[in-house]
Amino acid sequence: MIMTGPSPAPLPVPQESATPRIGDAAPDFSARTTRGPLTLSDLRGQWVLLFSHPADFTPVCTSEFIALAKANDQFVSLNCRLVGLSIDSLPSHLAWLEAIHTSFGVRVPFPVVEDPSMAIARAYGMLDASAESSATIRGVYAIDPEGIIRAMTWYPASVGRSVSELLRLIQALQQVDRDGVLTPEGWLPGDDIVVPAELTEDAVTATGLAWFLQYARCTPA
Ligand code: BEZ
């Protein structure tokens with residue numbers, strides 16, 4: 001487990017670690033955040049969207065934080081907690097969130113993790129090895145209630161992420177888990193889902209030419 005901040009005594013952190021993949025346990029960490037100390041594994045039982053941003057006080061990141069703050073209640077209603085992270089210090093995070101409130105009237109209600117040692121960013125592969133600066137990429141890690149990474153997205157510093165797509169991602173993962181189905185392109189709650197094809201000759205013959213893409217009604221949550 002990664003520990004950051006002044007206390008308790010930090011554990012040694014591997015300098016090189018493999019980037020986690022979908023299906024891996026999310027690397028655990030304890031760190032200081034804008035909402036007090038946080039240990040990731042304490043959020044078990046809830047979905048977590050852990051997202052990194054390149055730097056505080058930058059325009060694209062600010063636009064993302066405003067949109068995420070406004071959508072926070074929607075994530076909470078999905079039993080999903082937002083957790084932000086960058087390599088900036090806690091005082092920097094606090095000053096930035098205060099400036100967002102003062103300038104845009106938006107309070108950021110989710111914790112933002114400080115990672116000045118870059119230990120967490122390294123463990124998640126949020127640092128681009130070829131990048132000229134130590135800023136993290138725009139990484140998103142969707143972590144399920146058992147602490148397993150279920151989806152990841154990486155965007156460059158220049159392109160802001162879509163909050164509606166992040167909401168849709170959590171809804172789709174939850175639908176998949178609930179009913180053992182698959183969600184097609186652009187799926188939204190209430191849309192038809194797709195069912196895994198039954199791979200027997202009889203089933204394929206009975207289903208017809210489009211046996212490899214069969215839609216079915218979505219059962220409401
Ligand atoms: C931004 O959030 O606007 C940004 C952050 C890092 C590099 C470039 C842009």
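Index from 1, following the sequence.
A donor-acceptor pair under 3.5 Å links the side-chain atoms of Ser52 to the main chain of Gly139, judged by distance alone. Of the possible polar contacts, one joining the Asp115 side chain to the Ala121 backbone as a donor-acceptor pair under 3.5 Å is found.
The hydrophobic clustering, which links ILVMFWY residues whose side-chain heavy atoms are closer than 4.5 Å, places Ile66 and Leu49 together.
The aromatic rings of Phe29 and Tyr124 stand perpendicular to each other, their planes meeting at an angle above 60°, with 30° marking the opposite boundary.
Around the CZ atom of Phe57, the shell of radius 6.0 Å holds more than 12 heavy atoms that belong to other residues, nucleotides or ligands. Around atom CD of Glu98, more than 12 heavy atoms belonging to other residues, nucleotides or ligands sit under 6.0 Å away.
Judged as a side-chain contact (heavy atoms from CB on, under 4.5 Å), and not counting sequence neighbours, the contacts of Asp179 are Gln175, Val181, Thr219. Residues passing the side chain to side chain donor-acceptor pair (under 3.5 Å) test with Thr153, sequence neighbours excluded: none. Remark: Arg168 pairs with Glu165 by the salt bridge (Lys or Arg N to Asp or Glu O under 4.0 Å) rule, at least two apart or across chains. Every residue two or more places apart in sequence or in another chain that forms a ring pair (Phe, Tyr, Trp, His ring centres under 6.0 Å) with Phe110 is listed here: Phe51, Phe65.
Using modelled atom types, one finds no donor on one side chain facing an acceptor on the other under 3.5 Å when comparing Asp202 with Thr200. When only modelled atom types and interatomic distance are considered, Ser162 and Ser164 share a side-chain donor-acceptor pair under 3.5 Å.
Across all their heavy atoms, Leu90 and Glu114 have their closest contact at N-OE1, 2.7 Å.
For the pair Ile120/Leu40, no side-chain contact is recorded, criterion being any heavy-atom separation below 4.5 Å from C-beta on.
Among pairs with a residue in residues 72-81, none fulfils salt bridge (Lys or Arg N to Asp or Glu O under 4.0 Å), at least two apart in sequence or across chains. For residues 50-61, no pair satisfies salt bridge (Lys or Arg N to Asp or Glu O under 4.0 Å), with sequence neighbours left out.
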